[in-house]
Structures are given as C-alpha cells and as structure tokens.
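Computed from a predicted model, the values in this text were never measured in an experiment. Ligands are counted one by one from 1 in listed order, and the atoms in each one are counted from 1 as well.
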Amino acid sequence: MLDLVPIQAKSLGDYGSVIGDDRVARIRAAAEPLRDARVLHLNATAFGGGVAEILATLVPLMRDVGVQAEWRVIHGDDSFFKVTKSFHNALQGMPIAWTAEMWQTWMQFSELNANLFDGEYDFVVAHDPQTAGMLSYLSERGVVDPGRWTWRCHIDLTEAQPEVWDFLRPFVQLHGAIVFTMPQFVREDLNLERVAIIPPSIDPLSSKNVDLDSAGVTQILERYGVDPKRPIITQVSRFDPWKDPLGVIDVYREVKSEFPDVQLVMVASMAHDDPEGWSYYERTARHAGEDEDIHLLSNLQGVGNWEVNAFQRASDVVIQKSLREGFGLVVAEALWKGRPVVAGAVGGIPLQVLDGQTGFLVNSVEDCADRVIELLRSPSAADQMGESGREHVRRWFLLPRNLEDYLSLFKKLAHGTAACSVPPMSIDVDNVHSEPLPRSRYLLDSMSRAG
Ligand code: UDP
C-alpha cells in the first residue's frame, strides 16, 4: 500500500467567519451529489512545498462535506527524487542533459508505485510529474478507469524543455482531466477538452495564516534573534535556484545601503523530495557571509507554521523574488496578513500581486530593491497595499473556492463529460504589469460563482 498521510479534522463551517455562511451552505449543497464518493489525492511528500500545504486542508474539508477523501504519498529513494527534481527543473525551462538512466529510474518507480496502489476510488488526483507515470501501468492492467483520474500540474510548463515534455506528454494524456493553475500554463499540444483551470489557495484558519496577536509575534521574533523594532524584510521559500535566494541577499544589501537597520529573514523548509535544498542552502549561507542581520532559518531550527506566520506578519515588506513560479502560495500567505509583496513577475504571481495595488512586480535585483525601499519609506502606503492584498486573497485564493472547483470537476468526470474545458476565466489585463511576460498578464475574473 502507498503510505496514508494522517489528516486532522477540519470543518467548513468554521470558514463562515471568513467567506460568509451563505457560501459555506452553497458549497455543502454542491457536495451533496458526491456524498461518499471515494477520492484519493496522490503526491510525493507529506511535508514541504505548496502541494502538501494545500492537501493538508483540502483533504479534511472534502471529508467534512461528505466525500471520503484520502491522501497518500508515493515511494521514492534519492535517485528517484533527484530525477524528479531535474524533471521539475527541465519542465520549468532549465536545460538539463537527459540520460536513458534517468528515464529508467522514473519508469521503474512509476511501476513500483503502481504496484503499491490498492483500494477502490471514484476519483484519483495525481499531483505533479512525480506521480504522472502510475496511471499508464494501472490502466494497462485494466484495474482503474483512466477517465476518473486527474493529473494536477502545479508547474508553469510554458518554457518546458521539449525533449522532457515529449516524454511526459503520453503519460499525462491518459488522464481524464488535466488541471493547470492558469490558462497560460496550458500546453496547446494537449487535448484541451480535458483541461481545467483551478488556481491554488491558502487556508486562512491554519496555524500558518490565522491571526496572531502582536505579543505572540514579538515573542517568536525574539526567540530567533530578530529585532521587532527594526525594519524586517522576509522571503519564505525552499532553497531553490528558481526562488533566487542569492538575488534576495543582493536586494537586501542594496536596501541596507539606504536603511542600515534593516534585517533580512529567509525561511526555508527542507522537503524530502528536494535533494537540491542542502547544496543551495550552503551556497546561500556563503553568499550571506558573516552578516548578523541576515537570518537563515529552517524547519531544522524549529521554524514551523506559527513561526512562518509570525515572520510574514512582522515584515515591513515581503519579498518573493522568484525567477519561475507555479503559483507561489507564500505570496497569498503574506498578502492575507496585510503585508505588501514585492515579487518576480513570473508564473502565478501576477494573479496575486497586482502591480501598484497589492505590491509590486519586478524583474531584477535593482527593481526589487527600489520597490522595497519605496515601501520602507512610506509605511502607510505599504499598509494600504497590504490591506488591498488581503481583500484580493479573500476573494480569489482561499481554500473553500478550491474545494468548490474540485467538486465541480469531479461532477463533470462522473458525467463522463470530459469537457472540463478551460473554464470561466475571463481576463482583465489592464491591472497587471505589461512587459516582459505577455503570457502571464492575466487577472482572474473567474468564478462569478465565487461572488
Ligand atoms: N513553507 C514553509 N516553510 C518554509 C518554506 C516554505 O512552511 O520554510 C511553505 C510556505 O509557507 C508555502 C509552501 O511551503 O505554504 C510553499 O509553497 P509555494 O507555492 O510558495 O512554493 P513551492 O515550494 O511549492 O514551490
């Protein structure tokens, strides 16, 4: 059997205080036709990264509305996770030298995990490339209905290395539905009838996002030697080249020349499916040098959800200097705490950071430092942007909306209407940064049902 991830019970009713009781009732009604449906979410890790973060709330809320949802993780050893990380990098556009051995490793673990797959499910959602190969083995044996399987891709595939995507595509195509974060990520060489768009979301009531009082925040900061009275800029991200931790330090140094008191907090969790994390941590530490105002913190020092919550909340400005990004849950998390975000204009970030309204979109270290300095100079403008950010997230990026989207996807699959088609995402480009990312200039105006 694939390992079951233990789930904490959660109640959708508790979210009424954030999204309104009417909306809660509407979601419960939408779930009624799926009562007792057996749903499995499959991914590579129970901890670390955005997918685990979403499943930790999505699965319990599915259960709360009557769906029999489970979450299982696949097996893999270092060789497999090394290959899947290269896979991830190549799909995000990094040139990688592919070898037959890498493919073999991926196929071998896909088969092994297919052999460990057991149980009967009405719907299976396989997240990201790590799980994408299993269905091919299972459907070959005729033991599952591929039409009930969804591949949920959290990655921006627009610059995918062709050789790697060509290898992956036949595996992906077997799934009854293929879900992307935004329309711009959809590969045109897929069967578009089967494509659905579901942006990710955050849990406003989790320990990472729930309101904290300022005494609690101060206590946490002091525990890690961060001075709450001096300016703080923060990036929370895995140590990963795409998150540009070295660039973040360069930004901090430029900011420091204007604000000598500024402190930089970089929080990174080490995910077990991310073997690059350690070497990138070391590179970042070397780049930081002996500067005592740079705090490199991780789960290994006990920095968990409450601590991330406190650091995001205490920040004058939150940075997310990604060079590529699927969605960037950390952006929504910071905005939800009323903090402005200065972030790379990549992937799903422009859905969240509306340039000049909820933060600033940037394309270089210099831009990023200039915007951070601007916000440090005018704290009231920073607060105002943060407030707009919180409302933007409330409207579009909270978990109940994500739950609702999955429910409607399952209903479509149950009716055999593969026609998930790219759903109601209409576009308002005016608010969003113009260059140089024409493929990312879209603002959600979707889900009129979200009200
Ligand atoms: N995260 C965390 N601790 C860390 C680094 C990240 O809890 O030290 C969380 C972060 O708060 C967010 C998720 O991991 O919820 C990262 O998701 P995101 O979409 O930003 O990036 P990914 O890691 O999936 O590329």
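The ligand atoms of ligand 1 that sit less than 4.0 angstrom from a heavy atom of S269 are 3 (N), 4 (C), 5 (C), 6 (C), 8 (O). Atoms of ligand 1 lying under 4.0 Å from at least one heavy atom of E53, given by number and element, are 15 (O). Atoms of ligand 1 found under 4.0 Å from any heavy atom of A268 (numbered from 1 in listed order, with element): 4 (C), 8 (O). Counting atoms of ligand 1 from 1 in the listed order, those under 4.0 Å from a heavy atom of G328 are 19 (O), 20 (O).
For the pairing with Q312, the side-chain hydrogen bond (donor to acceptor under 3.5 Å, both in side chains) check across K208, Q235, E333 returns one residue only, E333.
Between G50 and ligand 1, at least one pair of N/O atoms sits closer than 3.5 Å. Considering backbone and side-chain atoms together, R238 places an N or O closer than 3.5 Å to an N or O of ligand 1. In terms of polar-atom proximity, V236 is not counted as a contact of ligand 1, lacking any N or O under 3.5 Å from an N or O of the ligand. For ligand 1, one of its N or O atoms has an N or O atom of V330 under 3.5 Å away. Between K243 and ligand 1, an N or O atom pair is found at a separation short of 3.5 Å.
For the residue pair N43/W71, the side-chain donor-acceptor check at 3.5 Å is satisfied. Under 3.5 Å, the side chains of Y121 and E70 contain a donor-acceptor pair of N or O atoms. D250 and H287 form a side-chain donor-acceptor contact under 3.5 Å, judged by distance and modelled atom types alone. Side-chain N/O atoms of N402 and S201 include a donor and acceptor closer than 3.5 Å.
The nearest heavy-atom contact from the protein to atom 15 (O) of ligand 1 is E333 OE2, 2.4 Å. At the shortest separation from atom 2 (C) of ligand 1 among protein heavy atoms lies K208 NZ, 3.6 Å. Of all protein heavy atoms, the one closest to atom 18 (P) of ligand 1 is L329 N, 3.5 Å.
In this structure, W306 has its ring center at least 6.0 angstrom away from the ring center of F311. Centroid-to-centroid, the aromatic rings of F117 and W149 come within less than 6.0 Å. Aromatic pair F239/Y281: centroids less than 6.0 angstrom apart.
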